[in-house]
Chemist: 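Once you've had a glance at the structure underneath, I'll fire off some questions.
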There are 2 protein chains.
Amino acid sequence: MKIVPEIIQKLTEAGLKITPQRVAVMQTLMKLKSHPTAEELYAEVSKTIPGLSPTTIYNTLDTFVDRGLVKRVKTDLDRMRYDAITEHHHHLYCAISDRMEDYFDPELDRILSDYFTRKKINGFNVTDIRLQLMGDFENKAKQ
Amino acid sequence: MKIVPEIIQKLTEAGLKITPQRVAVMQTLMKLKSHPTAEELYAEVSKTIPGLSPTTIYNTLDTFVDRGLVKRVKTDLDRMRYDAITEHHHHLYCAISDRMEDYFDPELDRILSDYFTRKKINGFNVTDIRLQLMGDFENKAKQ
DNA sequence: TCCCTAAATTGTATTTATTACAAACATGGT
DNA sequence: ACCATGTTTGTAATAAATACAATTTAGGGA
């Protein structure tokens with residue numbers, strides 16, 4: 001729970017007012033590594049903030065995305081998910097179990113970055129490279 | 001329109017009955033390069049098949065995806081889209097204009113394939129690598 | 001510290017995409 | 001041509017997300 005000051009700093013830097021709802025949403029997003037949906041977040045954050053409105057979850061997430069504090073993630077299978085990790089990373093995704101995990105690989109990033117510095121795409125200016133690695137998890141306990 | 005026999009062959013190979021709806025949906029998907037949504041497809045296919053039910057679009061697309069004739073594509077921004085190109089490719093995507101285009105790059109595929117042959121990810125078995133290149137289109141007339 | 005204003009939250013009502021399902025129909029093998 | 005099975009249709013239901021007006025709250029300035 002000592003991450004709260006860090007969250008407050010984030011929100012302040014983004015020019016947002018500090019509200020219990022926002023702190024709790026961000027806290028939950030950072031705690032969960034499962035790229036939760038708005039609904040899952042609502043369930044989780046409601047434990048902390050009983051009267052919470054689902055609308056607040058949507059509003060808050062939209063605001064966070066606007067300010068770059070949170071990223072949206074979508075798979076080919078299901079609904080919108082959210083991710084508090086803004087550091088550059090990719091995703092491992094298994095369509096069968098609908099399970100998604102983060103994947104960090106600076107070496108890969110370097111290779112891709114080099115590649116697209118060299119190779120220009122006609123009429124398109126690349127600003128970000130995102131990989132979705134499809135495959136199967138070798139049944140480590142699910143997320 | 002000479003692609004119809006080709007479509008019939010595809011459907012037959014996939015063990016599906018040939019219906020005007022299916023042929024029209026596939027034809028439209030192959031014609032449009034815009035990764036249309038179900039709704040856009042409904043509008044377009046309705047021109048050919050007036051009585052068409054939206055449910056048929058969803059059913060047909062689900063069936064096609066099941067049989068591997070069509071791929072689902074999602075961006076971080078909007079609803080489900082469909083793509084009749086099953087050949088391996090990536091996507092260029094501009095979040096501002098919500099515009100998406102296909103991107104083919106065998107050289108890149110080779111590099112990535114080599115990389116993941118060499119580099120194993122703990123607990124995950126990669127079967128497909130998909131890139132989403134985020135950026136801006138230099139305003140060529142939009143799709 | 002209190003007040004005030006802008007910003008945030010709430011709750012309800014809607015919209016919109018998608019799915020469920022049962023009845024009617026069409027396809028393709030025999 | 002017939003029949004069984006697969007397909008389409010239409011309606012109704014579900015579910016996610018949004019709009020909006022009313023209420024409440026945060027936090028800077030007096």
Side-chain angles (χ1 to χ4, degrees), chain A residues 4-5 7-28 35-46 48-67 69-70 72-82 98, chain B residues 4-5 7-28 35-46 48-67 69-70 72-82 98:
Chain A
V4 170
I7 291 172
I8 289 175
Q9 192 191 342
K10 268 188 189 228
L11 295 179
T12 305
E13 282 171 7
L16 299 173
K17 288 190 178 173
I18 311 305
T19 68
Q21 291 87 345
R22 284 177 174 169
V23 172
V25 168
M26 181 56 84
Q27 194 171 214
T28 305
H35 306 82
T37 60
E39 196 189 7
E40 287 162 354
L41 272 171
Y42 174 64
E44 191 62 25
V45 177
S46 287
T48 314
I49 304 191
L52 188 71
S53 164
T55 306
T56 301
I57 294 288
Y58 287 105
N59 288 342
T60 303
L61 288 171
D62 283 353
T63 305
F64 285 177
V65 171
D66 276 357
R67 309 300 168 111
L69 301 177
V70 159
R72 288 187 218 274
V73 195
K74 251 188 191 173
T75 66
D76 295 350
L77 197 62
D78 65 350
R79 77 192 106 156
M80 193 65 73
R81 291 170 176 273
Y82 296 86
D98 188 31
Chain B
V4 169
I7 291 172
I8 290 176
Q9 191 191 344
K10 267 189 189 226
L11 295 179
T12 306
E13 281 172 7
L16 298 174
K17 289 188 177 173
I18 312 304
T19 68
Q21 291 85 345
R22 284 176 175 168
V23 172
V25 168
M26 181 57 81
Q27 195 171 210
T28 305
H35 306 82
T37 61
E39 197 189 5
E40 287 162 353
L41 272 171
Y42 174 65
E44 192 62 25
V45 176
S46 287
T48 313
I49 304 190
L52 187 73
S53 165
T55 307
T56 301
I57 294 287
Y58 287 105
N59 288 343
T60 304
L61 289 170
D62 283 353
T63 305
F64 286 177
V65 171
D66 276 356
R67 308 301 168 110
L69 302 178
V70 159
R72 288 188 218 273
V73 195
K74 254 189 190 174
T75 67
D76 294 349
L77 196 63
D78 64 353
R79 75 191 107 155
M80 192 65 74
R81 292 169 177 273
Y82 296 86
D98 188 31

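In the text below, chain A, chain B and the rest are named by the order of the sequence lines, each starting its count at 1.
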Chemist: Please check the phosphate of D:dT9 (OP1 and OP2 only) for any side-chain N or O of B:T56 closer than 4.0 Å.
Modeler: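 Indeed, a polar side-chain atom of B:T56 lies that close.
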Chemist: From the options D:dT9, C:dT10, D:dA16, select the nucleotide whose nearest atom is closest to the side chain of A:Y58.
Modeler: D:dA16
Chemist: Rounded to the nearest Å, what distance is computed from the CD1 atom of residue A:I57 to the P atom of nucleotide D:dT18?
Modeler: 14 Å
Chemist: Select from B:N59 and A:N59 the residue whose nearest nucleotide in DNA chain D is closer to the 5' end of that strand.
Modeler: B:N59
Chemist: Would you say B:M26 and B:V70 make side-chain contact, with heavy atoms under 4.5 Å?
Modeler: yes
Chemist: Measuring from atom CD of A:E39 to atom OH of A:Y58, what distance do you get when rounded to the nearest 0.5 angstrom?
Modeler: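 The distance works out to 7.0 Å.
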Chemist: Nearest to the side chain of B:T55, heavy atoms from C-beta on, is which of D:dA17, C:dT19, D:dT8?
Modeler: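 Looking only at heavy atoms from C-beta outward on B:T55, the closest nucleotide is C:dT19.
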Chemist: Whole-Å distance between C:dA8 C1' and A:L52 CG?
Modeler: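 For the pair A:L52 CG and C:dA8 C1', the rounded distance is 12 Å.
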Chemist: Expressed as a whole number of angstroms, how long is the span from A:R72:CZ to D:dA16:P?
Modeler: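 It works out to 16 Å between those atoms.
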Chemist: Can you tell me how far C1' of D:dG10 sits from CD1 of B:I49, to the nearest Å?
Modeler: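 Distance, rounded to whole Å: 17 Å.
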Chemist: For the helix from C:dT1-D:dA30 to C:dT30-D:dA1, what angle lies between the axis at the first five pairs and the axis at the last five pairs, to 10 degrees?
Modeler: 30°
Chemist: Is the closest side-chain heavy-atom distance between B:E40 and B:E44 below 4.5 Å?
Modeler: no
Chemist: Consider side-chain contact (heavy atoms from CB on, under 4.5 Å). Of A:V25, A:I18, A:T19, which one does A:R22 pass it with?
Modeler: A:T19
Chemist: Decide yes or no on side chain to side chain contact (heavy atoms under 4.5 Å, CB included) for A:F64 and A:N59, but give the supporting numbers first.
Modeler: CA-CA 9 Å; A:F64 285 177; A:N59 288 342; over 6 Å; no
Chemist: Could you check which residues of residues 14-25 of chain A get a heavy atom under 4.0 Å from DNA chain C? Sort them by number, please.
Modeler: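 Here the set is A:L16, A:K17, A:T19, A:Q21, A:R22.
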Chemist: Nearest heavy-atom pair of B:Y42 and B:P54: which atoms, and what distance?
Modeler: CE1-N, 3.6 Å
Chemist: Quick one: B:D66 CG to D:dT7 C1', roughly how many Å, whole number?
Modeler: 14 Å
Chemist: For A:L11 and D:dT25, give me the distance from atom CG to atom C1', rounded to whole Å.
Modeler: 15 Å
Chemist: Side chains of A:L61 and A:L41: closer than 4.5 Å at any heavy-atom pair?
Modeler: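 In contact.
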Chemist: Checking the side chain of B:T56 only, and the main-chain atoms of B:L52 only, is there a donor and an acceptor separated by less than 3.5 Å?
Modeler: no
Chemist: Send over the distance from A:L61 CG to C:dT9 P, rounded to a whole Å.
Modeler: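 After rounding, the reported distance stands at 11 Å.
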Chemist: Rounded to whole Å, please give me the gap between CG in A:D62 and P in D:dA17.
Modeler: 10 Å
Chemist: Does A:D62 pair with A:R67 as a salt bridge, N-O distance under 4.0 Å?
Modeler: no
